[in-house]
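The structure under discussion appears below in the form of structure tokens.
Scope of the values below: all heavy atoms of this structure, side chains included, with no hydrogens, waters or symmetry mates. The sequence lines fix the lettering, A, B, ..., with proteins before strands; numbering per chain opens at 1.
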2 protein chains.
Amino acid sequence: MLQLTRDGEYAVRALVYLASQPDGKISLISEISETQEVPKSYLSKIMQHLVRSGLVKSRRGAKGGFVLARPAHQITLRQTIEAMEGPIHLNVCLIKKGECHRDDLCPVHPVWRDAQSKLIEVLDSKTMADLVRDAEKLQRTGNKTEARRVEVK
Amino acid sequence: MLQLTRDGEYAVRALVYLASQPDGKISLISEISETQEVPKSYLSKIMQHLVRSGLVKSRRGAKGGFVLARPAHQITLRQTIEAMEGPIHLNVCLIKKGECHRDDLCPVHPVWRDAQSKLIEVLDSKTMADLVRDAEKLQRTGNKTEARRVEVK
DNA sequence: AGCATTAAGACTAAATTCATCTTAATTGTC
DNA sequence: GACAATTAAGATGAATTTAGTCTTAATGCT
Ligand code: SF4
Ligand code: SF4
């Protein structure tokens with residue numbers, strides 16, 4: 001299906017949370033889990049994955065927890081999602097040349113390439129720092145969709 | 001995963017084939033299956049689905065087969081894919097308002113909306129007629145990727 | 001030593017994906 | 001009317017993915 005998995009979704013929530021914390025602040029699984037509404041033990045697995053991907057650093061033991069591995073403006077939405085799901089390929093023929101042997105003469109192939117590059121462009125253009133800033137703005141103004149909610153009789 | 005299913009892929013192949021046929025020509029499952037490299041019995045189920053979705057008309061019995069239900073320029077790539085997979089929603093919060101209760105204050109929500117609308121725009125802009133025309137062009141020139149295949153030592 | 005915390009990964013249930021197979025229904029032709 | 005060709009419908013199933021839980025080990029502060 002053309003839909004983000006829970007893995008990806010939860011990873012984004014976790015990283016946005018970490019990015020919103022004061023510099024150097026260590027966050028606990030339980031803290032992230034509660035505020036971001038992600039099952040605790042599931043989140044634990046996701047955090048492990050993010051550590052291994054190099055986006056997050058962890059410290060074990062008492063006073064342990066998680067911190068971003070680099071500044072929030074150096075972590076994009078795409079990186080976060082790909083850390084969990086692997087590289088984005090909207091169709092098999094975009095995995096690598098030759099994955100679908102029809103690609104040379106296939107008129108649909110270029111369309112998928114186009115669609116994918118536009119999607120990736122959007123995900124590349126948002127960093128965790130951007131998202132935190134956007135979130136602060138929304139705290140004040142509310143989301144635009146709110147305005148569109150019109151009475152339908 | 002953010003990837004098209006085989007259902008969608010095969011439906012597109014089938015419709016591009018039907019669109020490439022002379023007007024009024026009836027095509028058989030076996031014919032589509034062979035040229036488009038789709039398992040015959042699997043394709044049969046897909047064609048059923050496309051008939052019920054109103055994109056294709058079928059005729060049973062001897063001399064039966066499949067034809068497009070409307071002109072090729074009135075069938076888009078998006079329609080074809082959505083006929084098999086249902087409406088495209090890159091994330092659950094795009095299914096409908098309230099599907100994710102965090103959407104009002106979520107900074108990621110608008111990003112998904114943006115990404116999805118760009119993806120859909122690409123898929124909406126290509127009709128089966130366009131694709132058939134593109135395919136004819138490729139028959140002559142070959143796909144651009146071909147040119148990029150450079151010797152790597 | 002003792003406790004809090006993450007690390008690692010085994011385990012599981014449910015859903016989805018990608019088919020195959022069987023049987024029925026329909027229609028053209030002889 | 002008999003028969004062959006063809007799609008219609010859907011039951012079945014294996015493999016994979018998804019989403020999540022649980023257990024045990026390792027680590028580090030106090
Ligand atoms: S779109 Fe074309 S190239 Fe891509 S998988 Fe389908 S047939 Fe192959
Ligand atoms: S992106 Fe935001 S609104 Fe959308 S599902 Fe995730 S939390 Fe909910």
With a 4.0 Å cut-off on heavy atoms, is A:S41 in touch with a base, just the backbone sugar-phosphate, or nothing at all?
-> base

Using heavy atoms to find the nearest nucleotide of DNA chain D for B:S44 and A:L43 separately, return the residue whose nucleotide is more 5′.
-> B:S44

If you measure only the distance, is there a donor-acceptor pair under 3.5 Å linking the side chains of B:E99 and B:H89?
-> no

Partners meeting salt bridge (charged side-chain N to carboxylate O under 4.0 Å, His left out) with A:E31 (sequence neighbours left out) = A:K25

To the nearest Å, give me how far apart OH (B:Y42) and P (D:dA14) are.
-> 17 Å

Taking the hydrophobic residues Ile, Leu, Val, Met, Phe, Trp and Tyr, and joining any pair whose side-chain heavy atoms are under 4.5 Å apart, which ones share a cluster with B:I95?
-> B:V92

A:V132: hydrophobic cluster co-members (side-chain, 4.5 Å) = none

For A:E136, salt bridge (charged side-chain N to carboxylate O under 4.0 Å, His left out) partners two or more places apart = none

At under 4.0 Å between heavy atoms, what does B:M1 touch on the DNA or RNA strands: base, sugar-phosphate, or nothing?
-> sugar-phosphate

Which pairs pass side chain to side chain donor-acceptor pair (under 3.5 Å) with one or both residues in residues 60-75 of chain A, sequence neighbours excluded?
-> A:R70-A:Q79

List in chain and number order the residues that pass ring pair (Phe, Tyr, Trp, His ring centres under 6.0 Å) with B:Y10, two or more places apart in sequence or in another chain; answer none if no residue qualifies.
-> B:Y42

Find the distance A:Q48:CD to D:dC22:C1' and express it as a whole number of Å.
-> 13 Å

Among residues 51-67 of chain B, which residues get a heavy atom nearer than 4.0 Å to DNA chain C?
-> B:R60, B:G61, B:A62, B:K63

Students should find that the nucleotides of DNA chain C closing off the region near chain B, any atom under 4.0 angstrom from a heavy atom, are C:dT17 to C:dT29

Taking atom C1' of D:dT21 as reference, at what distance in whole Å does atom CD1 of A:I46 sit?
-> 13 Å

Nucleic acid contacts of residues 22-31 of chain A, taken as heavy-atom distances under 4.0 Å to DNA chain C | A:L28, A:I29

Give me the other members of the hydrophobic cluster that A:I26 sits in, counting Ile, Leu, Val, Met, Phe, Trp and Tyr linked by side-chain heavy atoms under 4.5 Å, directly or via other members.
-> A:V67

A:E37, CD: over 12 other non-hydrogen atoms inside 6.0 angstrom = yes

Mind checking what makes salt bridge (charged side-chain N to carboxylate O under 4.0 Å, His left out) contact with B:K118, not counting sequence neighbours?
-> B:D114

Phosphate contact (D:dA19 OP1 or OP2) by A:Y10 side-chain N/O below 4.0 Å | no

Does the D:dG10 base have a donor-acceptor partner in the side chain of B:K45 within less than 3.5 Å?
-> no

Looking at residues at least two apart in the chain, or sitting in another chain, which of them share a salt bridge (charged side-chain N to carboxylate O under 4.0 Å, His left out) with A:E85?
-> none

